[in-house]
Number of protein chains: 2
Amino acid sequence: MDKKELFNQFVAFTAAVHQVTHELTQNVKIDNITPVQYKILEYIKVSQSVTPTEISDCLHMSLPNTSRELRKLQDRKFIKKISDTEDRRKHYVCLTEDGEKIMEEAFDSIEDRFLQLIQHASNNDLEDIHHALNILDEKVFNLKL
Amino acid sequence: MDKKELFNQFVAFTAAVHQVTHELTQNVKIDNITPVQYKILEYIKVSQSVTPTEISDCLHMSLPNTSRELRKLQDRKFIKKISDTEDRRKHYVCLTEDGEKIMEEAFDSIEDRFLQLIQHASNNDLEDIHHALNILDEKVFNLKL
DNA sequence: CCATTTTGTTATCAAATGATAAGTAATGGA
DNA sequence: TCCATTACTTATCATTTGATAACAAAATGG
């Protein structure tokens, strides 16, 4: 197996993934939410509990900028902060009820488009896809550099 | 096969892909090239010949903004424009020698990091990865919505 | 030949994002 | 107790990106 060849396939693949995710999410237009703010909400939703520092690390933005965007989201009542009882410097960020609601709506609409995308897939296809995702996750995308 | 389940896996997967591509490309720091400009150069490199309109469509940016960024890249001698002999409104954009050079360097550095990523993969693993990429490409990421 | 459409450009403004300095409060270790 | 570190905030500025209007040149189609 030629690694160079695999690299080229990998590049084309990631480009396609970016393209498709863009198409799946582009019609998600929560009123006046910027892309970065959406990313933050998404990250909070899929994680259980997160601190500003974790958001900052995972979304590759500075802590001051993270803090700024979090405050905007807090002002709009999409998130709330709870300080850790043990280490009071730490703040756990989570979605409010409003935040949960808009994110569920967003995910529902993305899911709709995803289902459209795979509407012609047979049960066998779905198994193949599931398996392929597992393989890639395990052998490429969930390793640390 | 539960489609809801598959959707959740899909969401986690795409997030991981974005994460990894970010890590692979973050150390590619061509001097004073903005992310959008890099995207444009990348798109020109992987495509054979492109017009501003195609770039605009594929990278989801307006034609005026595309034109602006192309001009900046042209000023810096990374790209050049050739007008179509048949339809003189059309301009084909391609990399200059300088542009080719910086993009090759960029891709080499990304490839290095990619090879690091899969350094512990056996030959069997590589085959599996190759196959998984094919499956996903065919059954999910290269369909039109 | 004339109206319309396509392709691209320039200019301008607003908004989003990034970078950095400075500060607070809590923690932890010498 | 004191100092360094960690977690986070506020403020400010520069840059990047997005949106829109107005224009020009070439093509297309009656």
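Please read all numbers here as calculations on a predicted model, not as lab measurements.
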Inset, instruction - Look at all strands and tell whether B:T66 reaches a base, only sugar-phosphate, or nothing, counting heavy atoms closer than 4.0 Å. - result: nothing
Inset, instruction - Assign the ring pair A:F141 / A:F10 to parallel, tilted or perpendicular, where the plane angle (0 to 90°) is split at 30° and 60°. - result: parallel
Legend entry - B:K39 NZ - D:dT16 C1' separation (whole Å): 16 Å
Legend entry - Salt-bridge present (A:K3, B:E111; N to O < 4.0 Å): no
Legend entry - Any B:K81 side-chain nitrogen or oxygen under 4.0 Å from OP1 or OP2 of C:dT9: yes
Inset, instruction - Take B:E69 and B:S62, find for each the nucleotide of DNA chain D with the closest heavy atom, and name the residue whose nucleotide sits nearer the 5' end. - result: B:E69
Inset, instruction - Look at all strands and tell whether B:P35 reaches a base, only sugar-phosphate, or nothing, counting heavy atoms closer than 4.0 Å. - result: sugar-phosphate
Inset, instruction - Identify the heavy atoms of B:K81 and B:L70 that sit nearest to each other, and give their distance. - result: CE-CB, 4.2 Å
Inset, instruction - For A:Q37 and A:N32, run side-chain hydrogen bond (donor to acceptor under 3.5 Å, both in side chains): C-alpha distance rounded to whole Å, both residues' side-chain angles, the deciding distance at 0.1 Å, then the answer. - result: CA-CA 10 Å; A:Q37 284 166 11; A:N32 287 10; over 6 Å; no
Inset, instruction - Could you check which of D:dC8, C:dT9, D:dA19 has an atom nearest any side-chain atom of B:P64? - result: C:dT9
Inset, instruction - Just say parallel, tilted or perpendicular for the rings of A:F7 and B:F107, cut-offs at 30° and 60°. - result: perpendicular
Inset, instruction - Measure the distance from OH on B:Y38 to C1' on D:dT16 and round it to the nearest whole Å. - result: 18 Å
Legend entry - Those residues of residues 83-93 of chain B lying under 4.0 Å from DNA chain C by at least one heavy atom: B:R89, B:K90, B:H91
Inset, instruction - Round to a whole Å and report the spacing from CD of B:Q37 to P of D:dT17. - result: 7 Å
Inset, instruction - Kindly say whether B:Y43 contributes a backbone atom to a donor-acceptor pair with the side chain of B:S47 at under 3.5 angstrom? - result: yes
Legend entry - Euclidean distance, atom CG of residue B:L63 to atom P of C:dT6 [Å, nearest integer]: 13 Å
Legend entry - Any B:T34 side-chain nitrogen or oxygen under 4.0 Å from OP1 or OP2 of D:dT17: yes
Legend entry - Worked verdict on A:Q9 versus A:E5 for side-chain hydrogen bond (donor to acceptor under 3.5 Å, both in side chains): CA-CA 6 Å; A:Q9 193 188 10; A:E5 192 71 25; over 6 Å; no
Inset, instruction - Check the distance between D:dC8's C1' and A:D57's CG and give it to me in whole angstrom. - result: 13 Å
Legend entry - Rounded interatomic separation in angstrom, taking CD1 from B:I40 and P from D:dG18: 10 Å
Inset, instruction - Please report, rounded to the nearest Å, how far the C1' atom of D:dT16 is from the CE atom of B:M61. - result: 11 Å
Inset, instruction - Send over the distance from B:I55 CD1 to D:dG18 C1', rounded to a whole Å. - result: 17 Å
Legend entry - Side-chain N,O (B:R71) to OP1/OP2 (C:dT10) below 4.0 Å: yes
